[in-house]
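Only a predicted model underlies this, so the values are computations on that prediction, with no experimental measurement involved. Residue numbers start from 1 in every chain, and the chains themselves are labelled A, B, ... in the order their sequence lines are given, proteins ahead of strands. Both backbone and side-chain heavy atoms feed into the values below; hydrogens, waters and symmetry mates do not.
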Number of protein chains: 2
Amino acid sequence: MNLKELAQSLGLSQTTVSRALNGYPEVREETRQRVQAAANRAHYQPNSRARRLATGRAMTIGHVVTTTRKTEMVNPIFADFLAGAGEVYAREDYDLLLSIVPAGQEERAYRQMAANGSVDGVMVQSPRQHDTRIALLKEIGLPFLVHGRTSSSDSYSWLDVSNTATFDQAARFLIDLGHRKLGLINGPEELDFALRRRAGFDQAVAARGLQTRADWMTQGEMTEDYGYRSARDMLALADRPTAILVSSIISAIGVRRAIADRGWTMGRDVSVITHDDMLSYLSNDGDEPVFTATRSSIKAAGGRCAEILIDLIRTPDAPHVHELWPTELTLGRSTGPAPTS
Amino acid sequence: MNLKELAQSLGLSQTTVSRALNGYPEVREETRQRVQAAANRAHYQPNSRARRLATGRAMTIGHVVTTTRKTEMVNPIFADFLAGAGEVYAREDYDLLLSIVPAGQEERAYRQMAANGSVDGVMVQSPRQHDTRIALLKEIGLPFLVHGRTSSSDSYSWLDVSNTATFDQAARFLIDLGHRKLGLINGPEELDFALRRRAGFDQAVAARGLQTRADWMTQGEMTEDYGYRSARDMLALADRPTAILVSSIISAIGVRRAIADRGWTMGRDVSVITHDDMLSYLSNDGDEPVFTATRSSIKAAGGRCAEILIDLIRTPDAPHVHELWPTELTLGRSTGPAPTS
DNA sequence: CCAACTTTTCAAAGCGCTTTGGGTTATCGT
DNA sequence: ACGATAACCCAAAGCGCTTTGAAAAGTTGG
């Protein structure tokens with residue numbers, strides 16, 4: 001059943017039927033009802049391909065997710081981010097076009113989406129400190145929202161968590177517990193969020209007159225195994241950190257494993273604070289969470305990002321949106337006073 | 001730059017240019033080169049909206065991912081499955097339309113995709129034992145591939161792992177190690193894969209003249225915390241299982257936590273075998289994997305599913321494809337002989 | 001009752017491609 | 001040299017919708 005047939009069956013023109021269905025004012029309420037009823041009865045759904053061509057809008061938002069360079073992994077936090085965004089898209093009648101490309105190919109993906117007009121806007125995730133995607137998207141004039149930030153963050157819209165403040169706060173918390181030797185298991189430091197967390201960490205350590213040490217810090221793709229190996233190596237040092245900050249709960253699970261492997265107890269022999277994206281399958285909740293954590297829901301962020309992006313698409317020359325989300329430091333069992341060795 | 005302009009700039013008709021670009025034989029090689037060169041130079045990309053309307057093909061494949069009923073979680077294994085599929089789609093020039101809906105709304109999502117013609121086919125994941133989606137998709141004539149199976153599995157195409165055989169084998173392996181009391185931490189038993197695993201488990205236990213016990217078995221959404229709570233409760237029983245099979249590595253991590261909480265050692269006090277989807281951020285690899293596991297790459301499955309589905313779309317009346325993937329039992333440190341209490 | 005609106009409906013022109021059904025030139029066999 | 005065949009190329013007709021511009025119908029005020 002297409003519009004033409006529907007119009008014929010009603011003895012109306014396509015124009016009128018189209019307008020009735022799309023809520024234009026130029027059609028009598030009674031006629032609208034009649035059309036609506038017939039459309040429902042016939043399970044009429046406008047062909048989205050035709051509609052998109054006619055309107056020039058794709059009613060679609062693009063997400064480009066990259067797999068890591070060597071191992072083609074895909075970060076599971078995207079699942080939760082997508083879940084949050086997807087809900088909003090569904091509500092607002094937008095489709096979600098997901099493009100999975102190897103790292104380094106994002107630009108091509110964006111360029112193609114823009115050129116063939118398959119999306120009205122795109123979400124930019126995991127920005128690097130200097131991210132070429134931003135200039136590209138501005139150049140081709142495709143609306144976009146950045147989840148995270150770059151070093152120069154005023155000329156586009158973004159939503160980010162307060163990475164620096166969060167890690168500063170977490171480090172001070174550990175220092176206040178008596179820890180003097182802090183480790184950091186961070187994400188890949190070409191990514192802006194990792195740099196900011198590192199900066200917050202450095203800041204707190206310096207503010208209290210302590211030292212950072214290269215062998216107490218690692219950076220890399222935040223897998224479980226990466227957390228394990230990082231912690232294992234740090235803890236094997238003669239002069240080891242007594243507390244560790246971790247940038248992702250997935251790696252924190254690896255840290256826990258490394259601690260258990262030594263027969264130690266987390267929160268007593270080593271303190272751990274992790275950033276927790278509140279991934280739905282790895283919840284760190286309840287009355288006594290396993291990890292003391294800086295929390296911020298990645299799913300909620302996804303939802304809000306979607307809302308902002310849709311607004312950006314609808315009102316193209318609105319001012320830039322900047323939203324900085326705080327995190328919540330929740331106490332768990334993974335922290336305690338520094339061991340008095 | 002659109003086709004019309006490109007044609008004009010070349011002094012050719014749209015027809016010829018279109019044909020040249022799309023590899024039709026009715027155009028001289030020399031002309032084709034000339035057109036191709038001009039197109040490249042102008043960064044010409046055909047407008048996908050127009051192309052889709054004209055061809056009647058969406059060049060898009062739909063994935064409908066559901067969030068769980070109560071807590072709106074989204075299973076992170078989708079990330080890896082999507083990664084595998086996405087690569088293939090990119091290679092074959094298909095787009096991936098991702099729809100995230102609450103459990104129970106999948107049918108509406110599929111129906112809508114079909115009615116407005118936004119996809120050429122859909123992927124069906126996590127089928128229930130009797131899954132109404134299959135009848136629906138057949139009725140509306142939308143090509144689809146099921147990842148997994150239902151109880152009656154001959155009238156449609158699917159790709160599945162050998163769940164029954166896998167869990168039968170894993171259970172026998174444990175029994176051969178001397179274990180007589182086996183626990184099972186399974187997925188939600190309305191899902192077909194969980195039922196089959198349960199059947200394999202039951203089968204092995206019965207074949208060796210042992211008993212299953214209701215309080216040694218749980219079923220539910222396979223989160224870390226679910227694994228933790230299930231194992232904690234089982235292990236607190238006066239008469240406790242000495243070995244546990246787990247349906248997902250995420251839950252297995254929770255099981256490990258429960259064991260550690262008791263001050264026990266996995267592989268000595270309790271043996272654990274988990275199914276391992278080889279999630280990229282939770283790898284269980286290396287010379288001595290943490291978990292003894294039945295492995296099968298969900299990402300590889302995603303890739304293969306995408307290939308099959310594309311074939312199905314291209315050759316609509318080809319016979320059904322049924323692909324049953326074996327799993328690989330890999331030894332880790334989580335299994336050992338039954339404790340002689 | 002009629003001019004002046006307002007409301008309601010319509011025919012037709014796109015949107016930017018693909019594809020059908022001819023034409024127009026080369027090419028060839030005889 | 002001429003009809004037949006092949007090789008190229010083109011105009012125009014869709015694809016199914018939205019939207020423009022205009023006409024028809026209905027309503028109002030004097």
Which whole-number value in Å describes the distance from Leu12(B) CG to dC17(C) P? 15 Å
Tell me, please, which residues at least two apart from Tyr94(A) pass ring-ring contact (aromatic ring centres under 6.0 Å, His included). none
Do any side-chain atoms of residues 33-46 of chain B form donor-acceptor pairs under 3.5 angstrom with protein atoms, and if so which ones, sequence neighbours left out?
residue  : atom : partner  : partner atom : Å
Gln33(B) : NE2  : Glu29(B) : OE2          : 3.0
Asn40(B) : ND2  : Gln36(B) : O            : 3.4

Does a nitrogen or oxygen in the side chain of Ser18(A) sit under 4.0 Å from OP1 or OP2 of dC17(D)? no
What pairs with His322(A) under side chain to side chain donor-acceptor pair (under 3.5 Å), at least two apart in sequence or on another chain? none
Separation of dC17(D) P from Leu21(A) CG (nearest whole Å): 10 Å
Has Ser157(A) got a side-chain atom pairing as donor or acceptor with Val321(A)'s backbone, closer than 3.5 angstrom? yes
side-chain N/O Ser13(A) vs dC10(C) OP1/OP2, d < 4.0 Å: yes
Quick one: which of dA12(D), dT8(C), dC10(C) gets closest to the side chain of Thr15(B)? dA12(D)
Please state whether the phosphate of dT18(C), meaning OP1 or OP2, lies under 4.0 angstrom from any side-chain nitrogen or oxygen of Tyr24(B). no
Using atom names, set out every protein N or O paired with an N or O of nucleotides 22-25 of chain C below 3.5 Å, distance rounded to 0.1 Å.
none

Consider the side chain of Arg28(B), meaning its heavy atoms from C-beta on, and name the nucleotide among dC15(C), dC9(D), dT19(C) that approaches it most closely. dC9(D)
For Glu26(A), the salt bridge (Lys or Arg N to Asp or Glu O under 4.0 Å) test, sequence neighbours excluded, returns none
So what does Gly117(A) hit on the nucleic acid, given a heavy-atom distance under 4.0 Å: a base, only sugar-phosphate, or nothing? nothing
Residues two or more places apart in sequence or in another chain: which of them pass salt bridge (Lys or Arg N to Asp or Glu O under 4.0 Å) with Asp131(B)? Arg128(B), Arg133(B)
Which of the following nucleotides, dT18(C), dC8(D), dC17(D), is nearest to the side chain of Thr31(B)? dC8(D)
Taking only residues two or more places apart in sequence or in another chain, which ones pass salt bridge (Lys or Arg N to Asp or Glu O under 4.0 Å) with Asp192(B)? Arg196(B)
Who passes salt bridge (Lys or Arg N to Asp or Glu O under 4.0 Å) against Arg52(B), sequence neighbours left out? Asp95(B)
From the candidates dG16(D), dG14(D), dT9(C), the one with an atom nearest any side-chain atom of Asn2(A) is dG16(D)
Sequence neighbours left out, what pairs pass side chain to side chain donor-acceptor pair (under 3.5 Å) with at least one residue falling in residues 302-311 of chain A? Arg91(A)-Glu307(A), Arg304(A)-Glu307(A), Arg304(A)-Glu323(A)
Terminal axes of the helix from dC1(C)-dG30(D) to dT30(C)-dA1(D) (five pairs each): angle between them, nearest 10 degrees: 40°
Which of residues 32-49 of chain A sit near DNA chain D, with a heavy atom under 4.0 Å from it? Tyr44(A), Pro46(A), Asn47(A)
Which whole-number value in Å describes the distance from Asn22(B) CG to dC17(C) C1'? 10 Å
Quick check on Arg108(B): does its CZ atom have over 12 non-hydrogen neighbours (other residues, nucleotides or ligands) under 6.0 Å away? no
Just the rounded figure in Å: distance from P of dC17(C) to CD of Gln14(B). 8 Å
Between dT8(C), dC17(D), dT19(C), spot the one nearest the side chain of Ala50(A), thanks. dC17(D)
Leu53(A) CG to dC15(D) C1', straight-line distance once rounded to whole Å: 9 Å
Any side-chain N or O of Thr55(A) below 4.0 angstrom from OP1/OP2 of dT18(D)? no
Closest approach of Ser153(A) to Trp158(A) (non-hydrogen atoms, all atoms of both residues): O-NE1, 2.6 Å
Distance-only check: which donor-acceptor pairs under 3.5 Å involve side-chain atoms of residues 117-127 of chain A, not counting sequence neighbours?
residue   : atom : partner   : partner atom : Å
Ser118(A) : OG   : Asn116(A) : OD1          : 2.8
Asp120(A) : OD1  : Ala58(A)  : N            : 2.8
Asp120(A) : OD2  : Ala58(A)  : N            : 3.3
Asp120(A) : OD2  : Met59(A)  : N            : 2.6
Asp120(A) : OD2  : Thr60(A)  : N            : 3.4

Provide, to the nearest angstrom, the distance between the CD atom belonging to Glu26(B) and the P atom belonging to dA26(C). 19 Å
Take atom NZ of Lys138(B) as the centre, draw a 6.0 Å sphere, and report whether it contains more than 12 heavy atoms from other residues, nucleotides or ligands. yes
From CG of Leu3(A) over to P of dG14(C), roughly how many Å is that when rounded to an integer? 19 Å
Distance check needed: dG14(D) P versus Lys4(A) NZ, whole Å only. 9 Å
